[in-house]
K.L.:
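I have a structure I would like to understand better, so I am pasting it below and will then ask my questions one at a time.
Labels below follow one simple rule: chain letters A, B, ... track the order of the sequence lines, proteins then strands, and each chain is numbered from 1. Given the structure is predicted, the values throughout are model-derived calculations rather than measurements.
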Protein chains: 2
Amino acid sequence: MAVLRHQEQPWRPGRAQGLERASCESCGLWGICFPGRVASDVRAPAKGLGIRRMRLPRGKVLYRAGEKVECFYMIRSGCIKETQDSTCHRSTVINFALAGEMLSLHNPDDQVSSTTSVAVEASFICAVHWGSFNELCAASPGIAAEFIRLVVKAGAQARELLTLIRDKEALERIAGFLLNLSDRLQLRGVQGREFRLGMNRDDIASYLGVRSETVSRSFTELSRRRLIRVRAKRVQITKPAELRGVCDGT
Amino acid sequence: MAVLRHQEQPWRPGRAQGLERASCESCGLWGICFPGRVASDVRAPAKGLGIRRMRLPRGKVLYRAGEKVECFYMIRSGCIKETQDSTCHRSTVINFALAGEMLSLHNPDDQVSSTTSVAVEASFICAVHWGSFNELCAASPGIAAEFIRLVVKAGAQARELLTLIRDKEALERIAGFLLNLSDRLQLRGVQGREFRLGMNRDDIASYLGVRSETVSRSFTELSRRRLIRVRAKRVQITKPAELRGVCDGT
DNA sequence: CGTTGAGTTGATGGAACTCAAATAGCGTGG
DNA sequence: CCACGCTATTTGAGTTCCATCAACTCAACG
């Protein structure tokens, strides 16, 4: 079993689809994808790592808070938002998972999820079953160590977001958000100077702890200063260095 | 090698001090302490887990950002603040580690630390060497799994803090902060209704993303409402339920 | 062409920041 | 033991930034 190229087959609901190992190597994320590398490990259980390819239409829920999630995920394309039900009947966005990034690492095997994940745009993902992954970890300490590394990195991202929104004002947050997206897209080979926002203004606002009007005004202000260009969901960063300056409050 | 009872021996700088295994069992944190349990594991390396007991005077730096940290830590008593050097030459507090809690889990073996840790009051801690711990993990998948659980939990705390400061106003943050401290102290058996703040107002302010004046005003306001009593660093929570109400914005 | 929903812009008030001054703790040494 | 000085904390007054509410634009769609 292995990762599939989503272009190659139509999606049939409820069916896990397998293909020969080769498709992982031919995947655009090959070399970046942790599950893909693990699946090709010689010690992988005979029955396979249980990687399942899925299409997630826009607005579709991947898992809900309170559910047991028996998988973790790799985003192949699209964008998934992770939300947390807040005290006052409103959910807040705590993460956007982009192509090439992993999701739900913080919901181990036998525990219920504390978050809900929803596709903000049509997405393709690969799901890895905790069960078979844990077996593999037990057999191969190196894999476990690498996995710990990933979990730690996920935690570091949370702390980065924390400092972004705790210590900065609205315009700085927006600037930092755009630069962060840009950097992450570039990591995956996508050109990060010009990209499309998968999420809407309300999601961005919730993520950054401001109102959507403030997001809008900030976009306008940054455009006025000629640091970015915005047209609906399309964003172009024209002056990255200056934008960084805004984010850093200099 | 094992955890020591800090009352029993004077501290000599730069010296790792060992005692027989029994002292872990006699430690007040026995049953709570992950390293202690691991050290008593039958598969523990013959040379021991390399647990080192340390005294950390107030204001003393445990490790700095940019250094390689070859240990992770268990706080036996006191309070350690973890700070992150911000962009504009000022450091911000991202965590307070209390007695019974672990520190530096997010700085794996061979990586440089992204944070600086300082004792905000005189503290006693136990240090676990990554090297011997990793050996043990390789030998015992159960330990590794448990450790992953701890790392995940540390990440969850970061997300909790995130929602506390992103979605709440100052008074709510202070209320949430006090309740959080209270809960954590009670977990360790300490009575959590009345306790001493190890850190000063500036640290609290930095942690919560407000000014120290705002912390002060919030304390005053909560006192005025008779939900808490404050006298310098001593805090008493007189109406926990109502304080929770303030935190939740109800 | 009217409707609908997302996004932008404008006007206003309130919460928290800033600067400044007053007060309380707290250790030190006479 | 008390006076002293230093620092931490509290309180006050004015200002800034952002949330709020409302009106408006624009594009998509039947």
K.L.:
Closest nucleotide of DNA chain D for A:G209 versus for B:R217: which of these residues is on the 5' side?
P.N.:
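In this pair, the answer is B:R217.
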K.L.:
Tell me whether the count of non-hydrogen atoms from other residues, nucleotides or ligands lying under 6.0 Å of CZ in B:R58 goes above 12.
P.N.:
no
K.L.:
Examine the side chains of B:E82 and B:T115 and answer whether a donor and an acceptor come within less than 3.5 Å of each other.
P.N.:
yes
K.L.:
Could you give the CZ-to-P distance, from A:R173 to D:dA19, as a whole number of Å?
P.N.:
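Rounding to the nearest Å, CZ of A:R173 and P of D:dA19 are 8 Å apart.
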K.L.:
When you measure only distances, ignoring hydrogens and angles, does the side chain of B:R231 come within 3.5 Å of the base of D:dT10 through a donor and an acceptor?
P.N.:
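A donor-acceptor contact between them is absent.
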K.L.:
Quick one: A:K168 NZ to D:dC18 P, roughly how many Å, whole number?
P.N.:
13 Å
K.L.:
B:T220 side chain N/O closer than 4.0 Å to the phosphate oxygens (OP1, OP2) of D:dT11?
P.N.:
yes
K.L.:
For B:V210, answer base if it contacts any base atom (sugar-phosphate contacts may also be present), sugar-phosphate if it contacts only those atoms, and nothing otherwise; contact means non-hydrogen atoms under 4.0 Å.
P.N.:
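Sugar-phosphate, backbone atoms only, no base.
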K.L.:
Side-chain donor-acceptor pair under 3.5 Å between B:N107 and B:S104, yes or no?
P.N.:
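Note: B:N107 and B:S104 side chains meet the donor-acceptor criterion.
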K.L.:
Please tabulate, for side-chain N and O atoms in residues 227-240 of chain B, each donor-acceptor pair with protein atoms closer than 3.5 Å (sequence neighbours left out).
P.N.:
residue	atom	partner	partner atom	Å
B:T238	OG1	B:R226	O	2.9
B:T238	OG1	B:L227	O	2.8
B:T238	OG1	B:I228	N	3.4

K.L.:
Any idea which of D:dT9, D:dT20, D:dT10 is nearest the B:S216 side chain?
P.N.:
D:dT10
K.L.:
Looking at D:dA19, I'd like to know if its phosphate oxygens (OP1 or OP2) sit under 4.0 Å from a side-chain N or O belonging to A:T214.
P.N.:
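Answer yes for this pair, as a side-chain N or O of A:T214 is under 4.0 Å from OP1 or OP2.
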K.L.:
Of all nucleotides in DNA chain C that come within under 4.0 Å of a heavy atom of chain A, which is furthest toward the 5' end and which toward the 3' end?
P.N.:
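For DNA chain C, the relevant span reads C:dG7 to C:dA11.
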K.L.:
Measure from CZ on B:R166 to P on D:dA19 and round the result to the nearest Å.
P.N.:
13 Å
K.L.:
Kindly give the heavy-atom pair with the smallest separation between B:A205 and B:R211, and that separation in Å.
P.N.:
CB-C, 3.5 Å
K.L.:
Between D:dC26 atom C1' and A:F219 atom CZ, what is the distance in whole Å?
P.N.:
18 Å
K.L.:
Measure CG/A:L208 against P/D:dA19 and give the value in whole Å, please.
P.N.:
11 Å
K.L.:
Output the rounded distance in Å from CZ (B:R201) to C1' (D:dT9).
P.N.:
7 Å
K.L.:
Figure out the CZ/C1' separation between B:R224 and D:dT10, and round it to whole Å.
P.N.:
16 Å
K.L.:
When you check the side-chain N and O atoms of B:S113 and B:Y63, is any donor under 3.5 Å from an acceptor?
P.N.:
no
K.L.:
Using the side chain to side chain contact (heavy atoms under 4.5 Å, CB included) criterion, which residues pair with A:E160? Sequence neighbours excluded.
P.N.:
A:N180
K.L.:
Starting at atom CG of B:N200, determine the distance to atom C1' of D:dC6, rounded to an integer number of angstrom.
P.N.:
15 Å
